[in-house]
Each structure stands twice: as structure tokens, then as C-alpha cells.
Amino acid sequence: MGGEIVLIGPPGSGKGTQARILVGSDGWLHLATGDLFRKHLKEGTPLGKLADSYMSKGEYVPDEVTVDIVRQRVRETPAAVRILFDGFPRTVPQAEALDALLAAAGRCVARVVLVEVPENELVERLAKRGQGRADDSPEVVRKRLRVYEEQTRPVVDFYQRRGLVRCVDGLGDVKEVASRLATAIS
Ligand code: AMP
């Protein structure tokens, strides 16, 4: 199967870890908007500072800003390299923009994988990660979960109507989940 893959999951679902395993093989680009924003923040760019003003509160960075950074990355990617989107699109306008920018590059979304983890498990996992990421404090975590339900659930429905979604159980050890994911995109 050719085409691009979109990985969707709530904060703490392990989608970043799984994305890195999936793209371990050559011929894939792992495009994670959260990673791009954190890189900009580390480098102290204006975009990094702008993104952080939202990230630190558990809110989404505005669509135009997020879509621009993705569009640029897609343009730079050679046609032979497939793209795994991790943490993008997170809103319906982003999903619509993704369709358009991929079409302009002769690409399309081939499959959407939803990593499912019950909310009580998410809260527990994020509490453990709390030392690692600035946006993993209990208050910001609650906000991020709420924003996910409000803004990103509708993205799952958007792709479900097109029959592109496969759900994967995100519980269990990393290897188990990775093998379920490999099946879901094959
Ligand atoms: P992540 O590393 O994917 O959990 O993203 C961390 C934070 O970056 C999110 O809580 C948002 O503030 C911001 N972010 C990442 N991706 C997006 C996106 N597609 N749209 C808006 N904000 C995003």
C-alpha cells in the first residue's frame, strides 16, 4: 500500500513512541508537529516562542501556523519518501488543509490509525512522564485531554466517513502495540 499515514491518539497514548518505531525503516519521514514546535522553542525562534504560548497552556497552536510548517516540510520531502503524520491533523480545518496540500504534491492520506487508550490509564501515564515534559503537569494534562476530545475527535469522524480509520488497542507493552500497528497499516 502506498500513500501517507496519519497517526491519531490522545496525549499519553504512546503514538510518538510508536511512530518512531514505524518509521525505523528507510523510505519514511516522521512528521511530528509537536516535535517541530519543541525544536523551534529550543532554538529560540519567534515561531517557537509563539507555539510555546499555546503549548504551555495545553491549547492548540493556531491552524494557519501549524499548516504552514507542515506544508513546508511536505514540499521539502522527495516524492519517493512516504510521510507518517504524528499529531497532525488535530482539527477538522487542519485535515481539510492537509488534503489540499497533499493533493498539490501528488500525495494522499492512505490510512488513519487511531491509538486507543482508556482515560484513566492516560492520566496515570502522563503523571509518570510529568518530569520530562513541561506540558505534562496535572492541570495542563486535564486541559490537553479536554481539547483532544473537543477538537480532535471530530477529525476521527472526518476520516471515518471516508473509511480510512483503523483502531488499534494502545494497551500492553510497546512491542505488542507496534505489531498491532504494523498490521493496521499493511
Ligand atoms: P505533541 O507532542 O503531539 O503532544 O504536541 C504537543 C503540543 O504541541 C500540543 O499540546 C499543542 O499545543 C502543540 N501541537 C502539536 N501538534 C499540533 C497541531 N497539529 N495543531 C495544534 N497544536 C499542535
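Counting from 1, the numbers follow the sequence of the chain as shown. Keep in mind that what you see is a predicted model, and the values were worked out from it rather than measured. Ligands are counted one by one from 1 in listed order, and the atoms in each one are counted from 1 as well.
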Item to complete: Report yes if the side chains of L102 and V109 come closer than 4.5 Å at any heavy-atom pair, otherwise no.
Response: yes

Practice prompt. In plain terms, say whether D52 and R38 are close enough for a salt bridge, that is, a side-chain N and a carboxylate O under 4.0 Å apart.
Written response: no

Worksheet entry | Sub-4.0 Å atoms of ligand 1 with respect to non-hydrogen atoms of R38 | 2 (O), 6 (C)

Discussion item. Within the 4.5 Å heavy-atom criterion, are Y148 and V155 side-chain neighbours or not?
Written reply: no

Worksheet entry | T66 and Y60: side chain donor to acceptor below 3.5 Å | no

Response to the item:
re atom 6 (C) of ligand 1, the protein heavy-atom contact at minimum distance is R133 NH2, 3.5 Å

Worksheet entry | Shortest protein heavy-atom distance from atom 23 (C) of ligand 1, along with the residue and atom involved | F37 CE1, 3.8 Å

Worksheet item: Can you find a pair of side-chain heavy atoms, one from V156 and one from F158, that are under 4.5 Å apart?
Response: no

Worksheet item: Should L36 and R73 count as side-chain neighbours, where that means a heavy-atom distance under 4.5 Å?
Response: yes

Response to the item:
protein heavy-atom neighbour closest to atom 10 (O) of ligand 1 works out as R144 NE, 4.0 Å

Worksheet item: For atom 1 (P) of ligand 1, what's the nearest protein heavy atom and its distance?
Response: R90 NH2, 3.5 Å

Worksheet entry | ligand 1 atoms in contact with T66 (distance to a heavy atom under 4.0 Å) | 18 (C), 19 (N), 20 (N), 21 (C)

Fill in: Any R166 side-chain heavy atom under 4.5 Å of V112 side chain
no

Worksheet item: Going by heavy atoms in the side chains, are L31 and L84 under 4.5 Å from each other?
Response: no

Practice prompt. Looking only at protein heavy atoms, identify the closest one to atom 22 (N) of ligand 1 and say how far it is in Å.
Written response: V61 N, 3.0 Å

Worksheet item: Do any nitrogen or oxygen atoms of G87 lie less than 3.5 angstrom from nitrogen or oxygen atoms of ligand 1?
Response: yes

Discussion item. At less than 4.0 angstrom from any non-hydrogen atom of G34, what atoms of ligand 1 do you find?
Written reply: 2 (O), 5 (O), 15 (C), 16 (N)

Item to complete: Just need the protein heavy atom nearest to atom 13 (C) of ligand 1, so name the residue and atom and give the distance.
Response: M55 CG, 3.7 Å

Worksheet item: Of Q94, K57, E59, which has the heavy atom at the shortest distance from atom 20 (N) of ligand 1?
Response: Q94

Worksheet item: Just which atoms of ligand 1 are under 4.0 Å from any heavy atom in K15?
Response: 3 (O)

